[in-house]
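Reviewing the structure listed below.
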Amino acid sequence: MTSRFANDFETSVLRTVQRYSLASKNGRVLVACSGGKDSTSVLSILHGAGYSAEALHIDLGIGEWSESNRKNISDFCSDRGITLHIASTRDYFGSSVCHIKSLVQSRSDLTSCAICGVMKKWILNRKAKELEAQRLATGHNLDDEARTFIMNLVNGNPELNLYASPGRIFSKSQSLFVPRIKPLFFMRATQIERYSREMAFPVLYERCPCSKGSFGRTIYEDISSFEEWVPGAKDNIVETFLSLQTKLSAKNRTTTLECKLCGEPSRSGICRTCSMLLSVRSSPSRT
Ligand code: AMP
Ligand code: ZN
């Protein structure tokens, strides 16, 4: 039987889905499942509420950590009769994540997480288009959003914060993207962990071993320490940016172009994945 906490948690997530019109029960919602607590919770809640949710897992090939994640999400989906799609960088770029990372890193100062993140995003969007998904859901939570807001500021790219929302609405010029939704946008990592543990989801609670010492993880930990001084600091960061967004002018929004090489979305005419791969070899193909 689900506890009162778990019930309230689910209600709150589904309220976000309804309030922001994140998904409808007619179209396929592809949930990007890393095998961790966040995306597994999204998949479980959407599937349980009657959405046509399917899972997409990218096998990153990072040793035992990836093997456990892959097994966990496979077991979870087969237990519940949920369709699971598995993709890898080999399918699209012909090499393992680690191989591409080492090549790119030998020629640039991009971090391991940045390289992996760019490729994951590319595969998620491409696969979602191939599967004609109506929505692509991720497990991003309040803590992730607070971290991204601060990272964008520290990197001198505050305009990127214009796009953060539980559901990204795309204009016609941005139809290259499958609309991305974040049902856990307002949920804290601690709440999600409690929910996932109560539901006994088969997930790993450790972070990716490659992210140790990364900039993103450092900011994440710093923001968590703000909470010792200001309880609710993360909520304040996210709410402040959401309220600022409406005040910032729409003309600040950048248009999305089609990457000249692979056809995926890009800001400059060549997407980040292609520029990265070009620096080491050829780009992926168009659909
Ligand atoms: P991260 O960028 O690792 O913090 O993950 C953010 C979100 O991206 C997760 O909540 C998932 O929805 C998605 N994601 C991360 N890794 C994978 C993966 N290996 N396969 C599919 N989706 C993933
Ligand atoms: Zn490209």
Side-chain angles (χ1 to χ4, degrees), residues 29-44 46 53-62 65-74 76-77 84-89 91-93 96-97 111-128 133 135-148 151 176 180-185 187 189 192-193 196 203-204 206-211 214-217 219-220 256-279 282-287:
V29 181
L30 194 61
V31 184
C33 288
S34 59
K37 65 180 191 324
D38 307 287
S39 42
T40 304
S41 300
V42 171
L43 179 64
S44 174
L46 292 182
E54 295 182 7
L56 168 58
H57 176 68
I58 303 173
D59 191 343
L60 298 171
I62 306 172
W65 189 77
S66 288
E67 277 165 33
S68 303
N69 280 321
R70 183 177 168 143
K71 181 177 182 313
N72 284 341
I73 192 66
S74 303
F76 183 85
C77 289
L84 168 65
H85 307 270
I86 297 190
S88 74
T89 55
D91 303 338
Y92 292 101
F93 315 133
S96 70
V97 177
T111 64
S112 164
C113 291
I115 299 167
C116 190
V118 167
M119 289 191 288
K120 274 196 288 194
K121 249 190 185 168
W122 190 100
I123 295 176
L124 292 177
N125 195 54
R126 175 63 69 96
K127 191 79 185 173
R135 295 284 186 269
L136 174 63
T138 60
H140 289 100
N141 60 38
L142 184 94
D143 299 51
D144 296 325
E145 295 304 316
R147 175 196 52 187
T148 303
M151 274 179 81
L176 297 168
R180 289 196 296 267
I181 61 168
K182 299 172 180 172
L184 302 181
F185 192 91
M187 309 308 281
I192 303 165
E193 179 162 344
S196 170
V203 300
L204 290 181
E206 299 97 73
R207 297 187 161 268
C208 171
C210 299
S211 74
S214 72
F215 179 45
R217 195 144 143 187
I219 298 241
Y220 197 91
T256 307
L257 305 169
E258 192 171 329
C259 170
K260 289 187 193 103
L261 300 169
C262 72
E264 289 296 307
S266 83
R267 283 197 208 107
S268 63
I270 305 236
C271 76
R272 290 186 71 196
T273 300
C274 283
S275 349
M276 231 164 59
L277 294 178
L278 269 181
S279 72
S282 62
S283 69
S285 63
R286 300 178 79 93
T287 31

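Numbering starts at 1 and runs along the sequence shown. Note that ligands are numbered from 1 as they come in the structure, with each ligand's atoms numbered from 1 the same way.
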If you count the atoms of ligand 1 from 1 in the order shown, which ones are under 4.0 Å from a heavy atom of [X]?
X   : answer
L56 : 21 (C)
A32 : 11 (C), 12 (O), 13 (C), 21 (C), 22 (N)
S34 : 14 (N), 15 (C), 16 (N), 17 (C), 18 (C), 20 (N), 21 (C), 22 (N), 23 (C)

(Q) Evaluate T111 against F215 for side-chain contact (heavy atoms from CB on, under 4.5 Å), listing each step before the verdict. (A) CA-CA 9 Å; T111 64; F215 179 45; 5.6 Å; no
Q | Criterion side chain to side chain donor-acceptor pair (under 3.5 Å) on E145 and H140, from CA distance to verdict | A | CA-CA 7 Å; E145 295 304 316; H140 289 100; 4.8 Å; no
Q) Can you check side chain to side chain donor-acceptor pair (under 3.5 Å) on S34 and S39, steps first, answer last? A) CA-CA 7 Å; S34 59; S39 42; 3.2 Å; yes
Q) What residue and heavy atom of the protein are closest to atom 19 (N) of ligand 1, and at what distance? A)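 Going by distance alone, atom 19 (N) of ligand 1 is nearest to I58 O, 2.9 Å.
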Q | atom 4 (O) of ligand 1: the protein heavy-atom neighbour that sits closest, reported with distance to 0.1 Å | A |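 The answer is R147 NH2, 4.2 Å.
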Q. What do you reckon, does G139 have a nitrogen or oxygen under 3.5 Å from a nitrogen or oxygen of ligand 1?
A.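 Yes; the residue has a nitrogen or oxygen that sits under 3.5 Å from a nitrogen or oxygen of the ligand.
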Q: Out of K120, R70, K127, indicate the one that has the non-hydrogen atom closest to atom 15 (C) of ligand 1.
A: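 Considering heavy atoms of K120, R70, K127, the nearest to atom 15 (C) of ligand 1 sits in K120.
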Q) Between H140, R180, K37, which one has a non-hydrogen atom sitting closest to atom 8 (O) of ligand 1? A)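 The option holding the nearest heavy atom is H140.
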Q) Going by distance alone, is a donor N or O of one side chain under 3.5 Å from an acceptor N or O of the other, for S66 and N69? A)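 Side chains of S66 and N69: no pair found under 3.5 Å.
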**Q.** Residues, nucleotides or ligands: over 12 heavy atoms within 6.0 Å of K121 NZ
**A.**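 Open.
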Q | Contact partition for C33 relative to ligand 1, non-hydrogen atoms under 4.0 Å | A |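 Within the 4.0 Å criterion, C33 contacts ligand 1 through backbone atoms alone.
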Q: Nearest 10° is fine: what angle sits at the Zn ion (ligand 2) between SG from C274 and SG from C262?
A: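 Between SG of C274 and SG of C262, the angle at the Zn ion (ligand 2) is about 110°.
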(Q) Can you see whether Y220 has R207 sitting over its ring - NZ or CZ less than 6.0 Å from the centre and within 45° of the normal? (A)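 That pair qualifies as a cation-pi contact.
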Q. Do the non-hydrogen side-chain atoms of R267 and T256 ever get within less than 4.5 Å of each other?
A.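 The answer is no, as the side chains (C-beta and beyond) never meet within the 4.5 Å cut-off.
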